[in-house]
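No hydrogens, no waters, no symmetry mates; every other heavy atom, side chains included, goes into these values.
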Amino acid sequence: MNIEEIKKINLADYLQCMGYSPVRKKGNSLWYKSPFREEKESSFKVNTEINLWYDFGIGKGGNIIALAEQLYKSTDIRHLMGCIAEKIPHIRPADFSFGQQKISEPSFQELKIQPLESPALFSYLKERGIDVRIARAECKELRYEHDGKKYFAIGFPNMAGGYEVRNRYFKGCIAPKNISLVRQAGEPRATCYLFEGFMDYLSFLSIRVNDYPEHPRIEEKDYVILNSVSNLAKAEHLLHSYTRIGCFLDNDRAGRATYESLKRTFGERLRDMSPHYAGHKDLNDYLCHRNRQEKVGKKEQDQSSKRMQKPQPERKGGFRL
């Protein structure tokens, strides 16, 4: 898509696919709680007639490109176009029935939240290298209807009561969109690890439990999961209480821009953990690659062992070793 085509994307539809729903409508304006910060009153407006937004809290507004600049903390147009384009497959026409339902009601129909138990979801998690025991403790199973059809997916809760939603074929969220915080019981922790998505968080826990089964030490830290780099501003006020912050962000432009933004705020308290999975898109990609390599190594070892155990035929004539 070129920039003119991107500018024509409906802002309300784009915000909806990002997990942001309006709280009220007045004339041609949809009013939201700002996606850039935590707030109790709505101060973010979208004019549906001219397809522009304005945030009264920061005194800025504009088109979808200007929105992406604020969400992704970047002025690189190509990068911003790429971020928007990644969301296009998930954009659907937003339907806001203000007079018939609560604005906070999820668009997922007949939603049921239950313990994670689906064999199909367990299979998907195993493909991603995730320890199923960890997933059962951290996630829920969501069952819902869409267009009259029944679906099920993994749900990871956020601080506002919404869920990140994943299965093998779908990636989305149930509004409200927000960060997730895992705060340990007892004395406040000095260290917090920051993840871009919950699959990376589950990957970290799986690696620790697999590599250090006796002492995984996962309860020594708190964890913040952004669920989107656009939620960075919502996480920053929580991070100020920690003396050490480890960043497990994606190895892409958005991840680097997010890290640099955090570095300006937290300085030496920040530690970049991405070198541990250099050459991979993110921590989960590294885990999947590592698991594949281990399977290949085990297969080769088994084949070598079988060859050694197989009796060698006697050679006719000459010397035998």
**Student:** Please round to the nearest 0.5 Å and tell me the distance separating atom CD1 of I65 and atom CE of M81.
**Tutor:**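 It is 6.5 Å, given to the nearest 0.5 Å.
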
**Student:** In Å, rounded to the nearest 0.5 Å, how long is the span from NZ of K73 to OG of S230?
**Tutor:**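 Answer for the NZ-OG pair, K73 versus S230, is 10.0 Å.
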
**Student:** Looking at CD of E236 and CG of L194, how far apart are the two atoms once the value is rounded to the nearest 0.5 Å?
**Tutor:**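 Between atom CD of E236 and atom CG of L194 there are 10.0 Å.
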
**Student:** Is I154 close to N167 at the side-chain level, that is, under 4.5 Å between some pair of heavy atoms?
**Tutor:**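 Contact flag for N167/I154 side chains = no.
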
**Student:** Quick check: closest heavy atoms across C288 and G129, and the distance to 0.1 Å?
**Tutor:**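 The answer is SG-N, 4.4 Å.
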
**Student:** Considering the options L287, D282, L283, which one meets the side-chain contact (heavy atoms from CB on, under 4.5 Å) requirement together with D285?
**Tutor:**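 So the option named by the test is D282.
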
**Student:** Check this for me, if you would: do E164 and R166 make a salt bridge, where the nitrogen-to-carboxylate-oxygen distance has to be below 4.0 angstrom?
**Tutor:**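 So E164 pairs with R166 through a salt bridge.
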
**Student:** Hey, is the main chain of D252 close enough, under 3.5 Å, to the side chain of D250 for a donor-acceptor pair?
**Tutor:**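 No, D250 side chain to D252 backbone: no donor-acceptor pair under 3.5 Å.
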
**Student:** Could you tell me whether a side-chain N or O of R189 sits under 3.5 Å from a main-chain N or O of A185, the two making a donor and an acceptor?
**Tutor:**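 At least one qualifying donor-acceptor pair exists.
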
**Student:** Do the charged groups of E127 and R168 touch, with an N to O distance under 4.0 Å?
**Tutor:**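 Salt bridge present between E127 and R168.
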
**Student:** Would you kindly check if the NZ (Lys) or CZ (Arg) of R143 is within the cone defined by 45 degrees around the ring axis of F152 and under 6.0 Å from the six-membered ring centre?
**Tutor:**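 Flagged: R143 positioned over aromatic ring of F152.
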
**Student:** Find out whether E141 and P115 are in side-chain contact, i.e. whether some heavy atom of one side chain is under 4.5 Å from a heavy atom of the other.
**Tutor:**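 Of all side-chain heavy-atom pairs linking P115 with E141, none is under 4.5 Å.
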
**Student:** Closer than 3.5 angstrom, by distance alone: can the side chain of T48 be matched with the main-chain N or O of S29 as a donor-acceptor pair?
**Tutor:**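 A pair under 3.5 Å: no.
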
**Student:** List the steps and the verdict of side chain to side chain contact (heavy atoms under 4.5 Å, CB included) for Q109 and Y144.
**Tutor:** CA-CA 6 Å; Q109 302 299 310; Y144 56 93; over 6 Å; no

**Student:** Between the side chain of R208 and the main-chain N/O of I218, is any donor-acceptor distance below 3.5 Å?
**Tutor:**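 Checking the backbone N and O of I218 against the side chain of R208, no donor-acceptor pair under 3.5 Å is found.
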
**Student:** Please find the pair of heavy atoms, one from Q70 and one from K60, that lie closest to each other, and give the distance.
**Tutor:**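 Smallest interatomic distance, heavy atoms only, reads NE2-CD, 3.7 Å.
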
**Student:** Evaluate Y32 against V46 for side chain to side chain contact (heavy atoms under 4.5 Å, CB included), listing each step before the verdict.
**Tutor:** CA-CA 8 Å; Y32 299 74; V46 170; 3.7 Å; yes

**Student:** Would a 4.5 Å heavy-atom cut-off, applied to side chains only, mark Y286 and R290 as touching?
**Tutor:**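 In short, these two side chains touch, coming nearer than 4.5 Å.
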
**Student:** Mind checking the SG-CD spacing from C83 to E69? Nearest 0.5 Å is all I need.
**Tutor:**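 Rounded to the nearest 0.5 Å, the SG-CD separation comes to 11.5 Å.
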
**Student:** Could you pull out the closest heavy-atom pair between F122 and L116, with the gap in Å?
**Tutor:**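 In this case the closest contact between F122 and L116 is CZ-O, 3.4 Å.
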
**Student:** Checking the side chain of N231 only, and the main-chain atoms of K234 only, is there a donor and an acceptor separated by less than 3.5 Å?
**Tutor:**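 It does not hold such a pair.
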
**Student:** Is the backbone of A257 close enough, under 3.5 Å, to the side chain of S261 for a donor and an acceptor to pair up by distance?
**Tutor:**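 Between the backbone of A257 and the side chain of S261 there is no qualifying donor-acceptor contact (under 3.5 Å).
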
**Student:** Using the rule that Ile, Leu, Val, Met, Phe, Trp and Tyr join whenever any side-chain heavy atoms are under 4.5 Å apart, tell me whether V182 and I245 fall into a single cluster.
**Tutor:**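 Unlinked, V182 and I245 end up in two clusters.
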
**Student:** For residues Y259 and R271, report the shortest heavy-atom separation together with the two atoms involved.
**Tutor:**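 Taking Y259 first and R271 second, the nearest heavy atoms are CE1-C, 4.2 Å.
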
**Student:** Applying a strict under-4.5 Å side-chain criterion to I, L, V, M, F, W and Y, I'd like to know whether L249 and F156 cluster together.
**Tutor:**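 L249 and F156: separate clusters.
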
**Student:** Run the side chain to side chain contact (heavy atoms under 4.5 Å, CB included) check on N63 and I6 step by step: do they pass?
**Tutor:** CA-CA 10 Å; N63 57 28; I6 283 179; over 6 Å; no

**Student:** For the residue pair E138 and I130, establish whether any side-chain heavy-atom pair is separated by less than 4.5 Å.
**Tutor:**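 Not in contact.
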
**Student:** Regarding K281 and D200, does a basic nitrogen lie under 4.0 Å from an acidic carboxylate oxygen?
**Tutor:**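 Result for this pair is no, no salt bridge flagged.
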
**Student:** Do D131 and R133 meet the salt-bridge criterion of a basic N to acidic O distance under 4.0 Å?
**Tutor:**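 Salt bridge between R133 and D131, a charged N being under 4.0 Å from a carboxylate O: yes.
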
**Student:** Does the pair Y201 and Y223 meet the rule for a ring pair (Phe, Tyr, Trp, His ring centres under 6.0 Å), with working shown?
**Tutor:** CA-CA 8 Å; Y201 166 61; Y223 304 95; 5.3 Å; yes

**Student:** Applying the ring-ring contact (aromatic ring centres under 6.0 Å, His included) criterion to W31, which one of F44, F56, Y54, Y20 satisfies it?
**Tutor:**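 In the set F44, F56, Y54, Y20, the residue that makes a ring-ring contact (aromatic ring centres under 6.0 Å, His included) with W31 is F56.
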
**Student:** Please answer whether the main-chain N or O of M199 pairs with a side-chain N or O of S203 as donor and acceptor at a distance below 3.5 Å.
**Tutor:**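 Checking the backbone N and O of M199 against the side chain of S203, a donor-acceptor pair under 3.5 Å is found.
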
**Student:** Heavy-atom count check: over 12 atoms from other residues, nucleotides or ligands less than 6.0 Å from K126 NZ?
**Tutor:**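 Not more than 12 within 6.0 Å, no.
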
**Student:** Side-chain contact test, heavy atoms from C-beta onward, threshold under 4.5 Å: evaluate it for Y151 versus K149 and give yes or no.
**Tutor:**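 Counting from C-beta outward, Y151 and K149 do come under 4.5 Å.
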
**Student:** Can R217 and E220 be counted as an ion pair, charged N to O under 4.0 angstrom?
**Tutor:**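 Judged by the 4.0 Å cut-off on N to carboxylate O distance, R217 and E220 do form a salt bridge.
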
**Student:** Report whether L270 and L226 are members of the same hydrophobic cluster (ILVMFWY, side-chain heavy atoms less than 4.5 Å apart, transitive linking).
**Tutor:**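 Yes.
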
**Student:** Would you say the side-chain atoms of R37 and S43 include a donor-acceptor pair closer than 3.5 Å?
**Tutor:**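 Note: R37 and S43 side chains meet the donor-acceptor criterion.
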
**Student:** Does the side chain of F204 come within less than 4.5 Å of F248's, by heavy atoms?
**Tutor:**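 With C-beta onward as the side chain, the pair touches.
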
**Student:** State yes or no: are the ring centers of Y277 and H289 separated by less than 6.0 Å?
**Tutor:**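 So the answer is no for these two rings.
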
**Student:** Linking I/L/V/M/F/W/Y whenever their side-chain heavy atoms sit closer than 4.5 Å, directly or via other members, would I179 and F198 fall into one cluster?
**Tutor:**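 Not linked; separate clusters.
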
**Student:** Measure the spacing between CZ of R128 and OG of S206 and express it to the nearest 0.5 Å.
**Tutor:**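 Going from the CZ atom of R128 to the OG atom of S206 covers 11.5 Å.
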
**Student:** Indicate the atoms forming the closest heavy-atom contact of L71 with P35, along with that distance.
**Tutor:**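 Smallest interatomic distance, heavy atoms only, reads CD2-CB, 4.1 Å.
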
**Student:** With side chains defined as the heavy atoms from C-beta onward, is the minimum distance between W53 and I64 less than 4.5 Å?
**Tutor:**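 Side chain of W53 against side chain of I64, heavy atoms only: no contact under 4.5 Å found.
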
**Student:** Are there more than 12 heavy atoms of other residues, nucleotides or ligands under 6.0 Å from atom CD of E219?
**Tutor:**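 No, the 6.0 Å shell around CD holds no more than 12 heavy atoms from other groups.
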
**Student:** Can you check side chain to side chain donor-acceptor pair (under 3.5 Å) on D55 and S34, steps first, answer last?
**Tutor:** CA-CA 7 Å; D55 190 311; S34 177; 2.7 Å; yes

**Student:** Would you check if the side chain of T258 reaches a backbone N or O of V229 as a donor-acceptor pair within less than 3.5 Å?
**Tutor:**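 Pair absent, no side-chain N/O of T258 close to backbone of V229.
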
**Student:** Would you say the side-chain atoms of N227 pair up with the backbone N or O of N178, donor to acceptor, closer than 3.5 Å?
**Tutor:**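 Yes; judged by distance alone, with no hydrogens or angles, the pair exists.
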
**Student:** Please round to the nearest 0.5 Å and tell me the distance separating atom CZ of R269 and atom OG1 of T243.
**Tutor:**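 Taking CZ in R269 and OG1 in T243, the distance rounds to 8.0 Å.
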
**Student:** Could you tell me whether R256 and D272 have a side-chain N and a carboxylate O separated by less than 4.0 Å?
**Tutor:**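 Judged by the 4.0 Å cut-off on N to carboxylate O distance, R256 and D272 do form a salt bridge.
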
**Student:** Are there over 12 heavy-atom neighbours, none belonging to E117, within less than 6.0 Å of that residue's CD?
**Tutor:**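 More than 12 heavy atoms, drawn from other residues, nucleotides or ligands, come within 6.0 Å of this atom.
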
**Student:** For N51 and I9, which heavy atoms make the closest approach, and how far apart are they?
**Tutor:**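 In this case the closest contact between N51 and I9 is ND2-O, 2.9 Å.
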
**Student:** Could you check if a side-chain atom of Y242 sits within less than 4.5 angstrom of a side-chain atom of T191, using non-hydrogen atoms only?
**Tutor:**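 No, side chains not in contact.
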
**Student:** Between V209 and Y212, is there a shared hydrophobic cluster once you connect ILVMFWY residues whose side-chain heavy atoms come closer than 4.5 Å?
**Tutor:**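 No, because V209 and Y212 fall into different hydrophobic clusters, even though each may have its own neighbours under 4.5 Å.
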
